[in-house]
Amino acid sequence: MYPDSQSRSSQLYARAKHSLPGGNTRTTVFMKPYPIYAASGAGCRVVDVDGVSRIDCINNFTALIHGHGQPEVVAAACAQIARGTSFGMPTEAEIELAELLCARVASIEAVRFTNSGTEAVMMAIKAARAFTGKRKIAKVEGAYHGSYDYAETSLDATPANWGEGSPLSVPYAQGTPQGVLDDVVVLPFNDIEATEALLRTHAASLAGVLVDPVPNRVGLIPASEAYLAALRRLTTELGMLLIIDEVITLRLASGGAQSRYGVVPDLTTVGKIMGGGFPVGAVGGRAEVMAVFDPSTGRPAVPHGGTFSANPVTMAAGLTAMRLLDEAAHARLNAQGDRLRDMIRAAFANAGLPGQATGVGSLIKVHFHARPIRDYRSAFPTAEEQGLLSRLVLELLNRGVITASYGLIALSSAMDDADIATIGAAFDDALRAIAASAS
Ligand SMILES: Cc1ncc(COP(=O)(O)O)c(C=O)c1O
């Protein structure tokens, strides 16, 4: 049972506190009173350092689309490691992975690799500035795009600081320069009228609009097709670039979420699943825009290096993982997501608790309220709802299911129907236990 002060995880955490701030090196995996330390993973299961095996519904925050230790991905990575882990030279593998992305995502004509989604978003923003000669960026309130200062503006805005009417630019990290906040226009998700007014007001200085089509922190509800179509129309008319962040949503279709919702951006950022479990990111898009990175005719408009960018281990593992993710694998994952969403909805009803499961395909998010969700503000949980979510995460953990602290679930192709049923049953049991203790 978690927590257990005698566990090896607890001991490791006590040790970690001496060399890592708060014992932590990655805020997203922090847990009180201590995080559970992983020992190994195989398929859809992770075994912790105390020998407890659980079904992994986080999959390293959506990155491990095939679960842990997929044999072909492991073989490709190991073979490349034996040949060399990184070079001060390009390798053929980067061409192959770039070709795969160009073939699958219709709007991508050229690709630039990075080491993370954060860097991919940063390079997309820099490209938009260089291409348009303008400096501001617009992003959706509450949406997560990694830790570049501009992209994280208003990530955790609250009713106390988000402002009446048009969303204010709220700093995420203390010390964020005012100049950064002044250069970010914060948009209300799915509100075409208000978004249009903001884009028109700032048109002369706006380089681009950054949008995740199914933003996790905005409630994991999709942008309406009308909203995406409006963004496309307005960015074209007003001389800005449309940047679609598919760092998470590339797992929803081989052409990305943009192919599901019929929007054609200028730039797309990807990452996570594309690295086969290794650090990765990429920005891709229209050749004319991507030319800002082109060094072949002199100094590029946006010079970009990166010691480990396009390293061959990531490229080899990523290529194998992406090839395994064919149309049949996508269809199966999406169907399993639909099934589990239905099971979670039924579990809320069985327990007599208000709640809902949002998301698309293999991405699911749990909410302890039944309010219609349209944007960050309507998804925003009360303190009581947040408390219930934390309790659910704990109840699931002690029933052998790992989910993210903020209620996110990302399935893997390593799960079969029996695993989905096991996860659904754990939800049913956990929610009944919560209802029983509340009554
Ligand atoms: C939509 C989105 N964009 C960007 C990022 C940043 O990616 P990374 O964690 O690889 O820096 C994330 C990470 O979760 C993300 O969800």
Side-chain angles (χ1 to χ4, degrees), residues 24-30 57-65 105 112-128 137-156 172-173 184 187 189 208-223 228 242-253 256-258 261 263 265 267-285 306 308-311 314 317-318 321 358-365 376 379 403-410:
N24 174 263
T25 196
R26 193 177 165 197
T27 314
T28 34
V29 303
F30 181 67
C57 290
I58 303 182
N59 284 298
N60 194 17
F61 290 82
T62 80
L64 301 174
I65 191 87
V105 184
R112 190 92 187 169
F113 288 108
T114 63
N115 294 294
S116 67
T118 291
E119 269 180 79
V121 167
M122 178 175 77
M123 296 318 297
I125 291 174
K126 291 176 76 166
I137 193 85
K139 56 113 28 188
V140 164
E141 185 172 47
Y144 184 64
H145 300 282
S147 41
Y148 185 38
D149 309 43
Y150 296 86
E152 68 181 12
T153 299
S154 289
L155 172 57
D156 67 349
Y172 185 55
V184 179
L187 305 174
F189 193 52
V209 176
L210 173 66
V211 65
D212 176 340
V214 192
N216 166 30
R217 310 273 185 113
V218 183
L220 204 70
I221 40 135
L228 292 174
L242 179 59
I243 307 166
I244 300 257
D245 184 352
E246 299 243 24
V247 167
I248 286 191
T249 57
L250 185 63
R251 63 158 49 226
L252 298 180
Q258 57 192 264
Y261 301 118
V263 61
L267 291 176
T268 299
T269 51
V270 290
K272 306 261 194 190
I273 64 165
M274 203 194 64
F278 291 86
V280 78
V283 51
F308 293 104
S309 290
N311 77 81
T314 295
T358 56
V360 178
S362 59
L363 296 168
I364 301 172
K365 190 155 192 167
Y376 178 67
T403 56
S405 61
Y406 43 79
L408 180 70
I409 290 169

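Model, not experiment: these values are computed from the prediction. Both ligands and their constituent atoms are indexed starting at 1 by order of listing.
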Exercise. For ligand 1, which atoms, with element, lie under 4.0 Å from some heavy atom of Asp212?
Worked result: 1 (C)
Exercise. Between Ala138 and Leu187, which heavy-atom pair has the shortest distance, and what is it?
Worked result: CB-CD1, 3.9 Å
Exercise. Among protein heavy atoms, which lies nearest atom 8 (P) of ligand 1, and at what distance?
Worked result: Gly117 N, 3.4 Å
Exercise. Can Asn216 be said to touch ligand 1, with heavy atoms closer than 4.0 Å?
Worked result: no
Problem set entry | For Val247, the ligand 1 atoms whose distance to one of its heavy atoms is below 4.0 Å | 2 (C), 3 (N), 4 (C), 5 (C), 7 (O), 12 (C), 15 (C)
Exercise. Side chains of Val218 and Asp212: closer than 4.5 Å at any heavy-atom pair?
Worked result: no
For this session: Go through the steps to decide whether Arg251 and Thr62 satisfy the test side chain to side chain donor-acceptor pair (under 3.5 Å), and finish with yes or no.
Result: CA-CA 8 Å; Arg251 63 158 49 226; Thr62 80; 4.8 Å; no
Exercise. So which heavy atom in the protein is nearest atom 3 (N) of ligand 1, and how far is it from that ligand atom?
Worked result: Asp245 OD2, 2.7 Å
Exercise. Heavy-atom contact under 4.0 Å between Phe61 and ligand 1?
Worked result: no
Exercise. With side chains defined as the heavy atoms from C-beta onward, is the minimum distance between Tyr144 and Thr28 less than 4.5 Å?
Worked result: no
Exercise. Among protein heavy atoms, which sits nearest to atom 6 (C) of ligand 1, and what does the distance come to when rounded to 0.1 Å?
Worked result: Thr118 N, 3.4 Å
For this session: Decide yes or no for Val360 and Thr249: does some side-chain heavy atom of the first lie under 4.5 Å from some side-chain heavy atom of the second?
Result: no
Problem set entry | Over 12 non-hydrogen atoms of neighbours within 6.0 angstrom of OH in Tyr406 | yes
For this session: Check ligand 1 against Ile248 and write out every atom of the ligand that is under 4.0 Å from a heavy-atom position of the residue.
Result: 16 (O)
Exercise. At a 4.0 Å threshold, what atoms of ligand 1 neighbour a non-hydrogen atom of Tyr144?
Worked result: 1 (C), 2 (C), 3 (N), 12 (C), 13 (C), 14 (O), 15 (C), 16 (O)
Exercise. Under a 4.0 Å heavy-atom limit, does Lys272 contact ligand 1 with its side chain, its backbone, both, or neither?
Worked result: side chain
Problem set entry | Non-hydrogen side-chain atoms of Ser116 and Val280 separated by less than 4.5 Å | no
Exercise. Are any non-hydrogen side-chain atoms of Ile244 and Val211 less than 4.5 angstrom apart?
Worked result: yes
For this session: For atom 4 (C) of ligand 1, find the nearest protein heavy atom and state the residue, atom name and distance (0.1 Å precision).
Result: His145 C, 3.3 Å
Problem set entry | Ligand-residue contact atoms, ligand 1 with Ser116, heavy atoms, under 4.0 Å | 10 (O), 11 (O)
